Amino acid sequence: TVAAEVRKQISGQYSGSPQLLKNLNIVGNISHHTTVPLTEAVDPVDLEDYLITHPLAVDSGPLRDLIEFPPDDIEVVYSPRDCRTLVSAVPEESEMDPHVRDCIRSYTEDWAIVIRKYHKLGTGFNPNTLDKQKERQKGLPKQVFESDEAPDGNNYQDEQDDLKRRSMSIDDTPRGSWACSIFDLKNSLPDALLPNLLDRTPNEEIDRQNDDQRKSNRHKELFGLHPSPDEEEPIERLSIPDVPKEHFGQRLLVKCLSLKFEIEIEPIFASLALYDVKEKKKISENFYFDLNSEQMKGLLRPHVPPAAITTLARSAIFSITYPSQDVFLVIKLEKVLQQGDIGECAEPYMIFKEADATKNKEKLEKLKSQADQFCQRLGKYRMPFAWTAIHLMNIVSSAGSLERDSTEVEISTGERKGSWSERRNSSIVGRRSLERTTSGDDSCNLTSFRPATLTVTNFFKQEGDRLSDEDLYKFLADMRRPSSVLRRLRPITAQLKIDISPAPENPHYCLTPELLQVKLYPDSRVRPTREILEFPARDVYVPNTTYR
């Protein structure tokens with residue numbers, strides 16, 4: 001039969017196929033068929049619309065539960081939204097456009113939580129893991145097939161002897177002949193008889209018997225015995241989401257205790273910030289703190305209004321989402337703007353010593369007089385003065401290696417003489433020698449190290465032509481290796497004491513970056529602790545649930 005005749009015969013039997021009709025150009029009695037062009041995409045059936053227009057029959061058999069959604073599957077509950085602060089950060093809704101008001105309400109409305117009662121029965125919540133498979137298979141008989149059985153030595157030899165005896169009796173009979181088949185048939189064992197094979201049994205009775213046999217010794221989790229899917233290609237992984245909340249990284253509490261120079265002639269202002277050298281990013285906003293004596297503050301009284309309690313904070317909580325060996329705590333000092341170069345303004349702090357105060361009394365009085373004049377004229381303005389940096393993970397790992405609950409560590413940039421590596425090796429001196437731990441994930445944990453009291457003894461004089469962040473990143477990178485760059489910087493002797501410890505979970509007297517009081521704020525007159533806003537080094541994928 002040629003192919004053309006086959007095609008003609010098939011097209012006659014299945015004349016309703018649009019594709020065959022188009023191929024064969026058959027025009028006939030096809031008025032009741034609708035031809036669909038093969039190039040057009042057919043819209044899928046709207047399942048919901050179909051279910052509404054075609055209601056299910058009341059009795060749709062034993063599989064009805066698989067067709068319909070359970071009426072009690074979904075439940076929606078409303079949970080009140082917690083507010084960390086005593087006063088909401090969201091502005092009042094009185095004078096707003098309606099669409100802005102709706103956006104603002106997304107920060108204040110209660111959470112609508114959808115609870116799915118039967119989700120826990122799905123594979124997303126009960127993944128078919130290898131351990132579960134072994135647990136399910138405990139009571140099952142082991143399936144053994146002929147191909148899996150290894151031949152036993154003795155039985156194998158007996159079978160070979162039996163075959164030899166058989167072959168001797170039919171040596172003269174050619175294989176495949178009629179006589180050989182009769183011989184094989186006589187020597188073969190009969191199959192077990194099938195009882196009631198030819199009895200007349202109603203179909204319903206057969207179905208019932210089959211149903212009973214299926215239910216006997218049936219495993220309660222039959223479909224669960226199927227081998228688990230490859231973990232790299234999961235079909236479905238569902239997890240119940242946590243209630244959205246404000247994101248915080250690992251939190252670090254820094255308390256600034258005192259700042260003292262060899263000579264005290266003018267107010268000095270300090271700020272803290274975190275920098276990531278590898279990412280070349282500043283990863284926190286500035287925390288400004290004032291450790292000046294009342295006498296020094298008095299020099300600026302004409303220019304500085306009475307300080308609000310929120311500006312008097314001397315402790316701050318930093319958040320670090322991605323802690324690493326490249327994070328530095330940078331301390332910058334500023335002074336009142338004064339005539340002359342930065343180097344000239346910093347010169348007295350490098351020359352005069354506290355021990356020589358009586359000998360240099362006249363010179364110090366002259367410097368105080370000049371500083372007083374600049375404070376009166378330019379008290380509103382600041383100029384960069386000095387800076388230093390603390391390698392955060394060195395402190396954390398060193399404090400964690402101590403046995404005592406509190407640690408006192410002195411950090412010094414060392415003398416100008418000698419190599420930077422020697423100074424670095426002797427830069428951290430505590431009550432006992434500190435062993436540096438190797439960098440790794442464990443040493444980057446900021447939640448469990450022991451509190452440490454640091455004394456920073458030397459600052460680098462700020463270079464007038466190196467004020468940018470790019471210059472700072474170079475200096476910070478050089479602090480971790482022997483370098484000639486830092487060796488050229490002249491140190492300013494000072495003494496800054498700070499405490500570094502893991503932040504408590506619910507600190508008292510705490511202010512958000514927007515200066516709102518966090519709950520548990522018993523007394524508004526107490527010096528607060530400031531939360532410092534983080535600028536994460538890399539993206540953080542969390543929903544924006546707080547108004548800032």
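Since we're looking at a predicted model, the values are computed, not measured. Excluded from the calculations below are hydrogen atoms, water molecules and symmetry mates; all remaining heavy atoms, backbone and side chain alike, are included.
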Can you give the donor-acceptor pairs under 3.5 Å from side chains of residues 247-261 to other protein atoms, not counting sequence neighbours?
unit_1 : atom_1 : unit_2 : atom_2 : d
H247   : NE2    : T321   : OG1    : 2.9
Q250   : OE1    : L446   : N      : 2.6
R251   : NH1    : E531   : OE2    : 3.3

So which atom in S106 and which in R81 form the shortest heavy-atom distance, rounded to 0.1 Å?
O-NH2, 2.9 Å
Between F459 and Y349, is the ring pair (Phe, Tyr, Trp, His ring centres under 6.0 Å) condition met? List the steps.
CA-CA 11 Å; F459 286 80; Y349 292 91; over 10 Å; no
Pairwise ring pair (Phe, Tyr, Trp, His ring centres under 6.0 Å) hits with a residue in residues 492-520, at least two apart:
Y509-Y521
Just by modelled atom types, is the R525 backbone N or O under 3.5 Å from a matching donor or acceptor in the D523 side chain?
yes
Tell me, with the steps shown, if V518 and L511 meet side chain to side chain contact (heavy atoms under 4.5 Å, CB included).
CA-CA 6 Å; V518 179; L511 297 177; over 6 Å; no
Taking only distance into account, with no hydrogens and no angle test, what donor-acceptor pairs under 3.5 Å do side-chain atoms of residues 374-382 form with protein atoms, sequence neighbours excluded?
unit_1 : atom_1 : unit_2 : atom_2 : d
Q376   : NE2    : D372   : OD1    : 3.4
R382   : NH1    : G379   : O      : 2.8

Are T453 and D499 linked by a side-chain donor-acceptor pair shorter than 3.5 Å?
yes
Hey, does the side chain of R527 reach the backbone of L312 with a donor-acceptor pair shorter than 3.5 angstrom?
yes
Can you list, pair by pair, the side-chain donor-acceptor contacts under 3.5 Å of residues 72-80, counting residues two or more places apart and other chains?
unit_1 : atom_1 : unit_2 : atom_2 : d
D72    : OD1    : Y118   : OH     : 3.1
D72    : OD2    : K117   : NZ     : 3.1
D72    : OD2    : Y118   : OH     : 3.0
D73    : OD1    : K117   : N      : 3.3
D73    : OD1    : Y118   : N      : 3.2

List for me each residue that meets side-chain hydrogen bond (donor to acceptor under 3.5 Å, both in side chains) alongside Q373, sequence neighbours excluded, and say none if there are none.
none
For a quick test of your reading: what N or O donor-acceptor pairs under 3.5 Å do the side chains of residues 329-336 make, sequence neighbours left out?
unit_1 : atom_1 : unit_2 : atom_2 : d
K335   : NZ     : E266   : OE1    : 3.4
K335   : NZ     : E266   : OE2    : 3.3
K335   : NZ     : Q338   : OE1    : 2.4

When you look at I320 and L274, which way does the side chain to side chain contact (heavy atoms under 4.5 Å, CB included) test go after all the steps?
CA-CA 9 Å; I320 308 177; L274 292 175; 3.7 Å; yes
Mind jotting down which residue pairs meet the ring pair (Phe, Tyr, Trp, His ring centres under 6.0 Å) criterion with at least one end in residues 278-320? Sequence neighbours excluded, please.
F287-F289
Answer yes or no: is there a donor N or O on one side and an acceptor on the other, between the side chain of N292 and the main chain of I268, under 3.5 Å?
yes
K519 side chain to C83 backbone, donor-acceptor under 3.5 Å:
yes
Salt-bridge contact D276-K278 (side-chain N to carboxylate O under 4.0 Å)
no
Rounding to 0.5 Å, atoms CG (L367) and CD (E362) come to a distance of 12.0 Å
Are there over 12 heavy-atom neighbours, none belonging to K297, within less than 6.0 Å of that residue's NZ?
yes
Which residues pass the side-chain hydrogen bond (donor to acceptor under 3.5 Å, both in side chains) test with S319, sequence neighbours left out?
E534
What's the verdict on side chain to side chain contact (heavy atoms under 4.5 Å, CB included) for L364 and F352, showing C-alpha distance, side-chain angles and the deciding distance?
CA-CA 9 Å; L364 291 176; F352 296 108; 4.2 Å; yes
Does some side-chain heavy atom of R530 sit less than 4.5 Å from a side-chain heavy atom of C510?
no
Could you give the distance from OH (Y473) to CG (D326), rounded to the nearest 0.5 Å?
12.0 Å
Using side-chain heavy atoms (C-beta onward) and a distance below 4.5 Å, is T457 in contact with T493?
no
side-chain contact (heavy atoms from CB on, under 4.5 Å) against R105, all qualifying residues, sequence neighbours excluded
E93, R101, D102, T108, E109
Suppose we screen for side-chain contact (heavy atoms from CB on, under 4.5 Å). Which residues come up paired with D49, at least two apart in sequence or across chains?
D46, T53
Value rounded to 0.5 Å, distance of CD1 in I283 from CG in L533
12.0 Å
Side chains of residues 539-548: which donor-acceptor pairs under 3.5 Å do they make with residues two or more places apart or in other chains?
unit_1 : atom_1 : unit_2 : atom_2 : d
R548   : NE     : E514   : OE2    : 2.4
R548   : NH2    : E246   : OE2    : 3.3

Sequence neighbours left out, what passes side-chain hydrogen bond (donor to acceptor under 3.5 Å, both in side chains) with Q462? Give chain and number order.
none
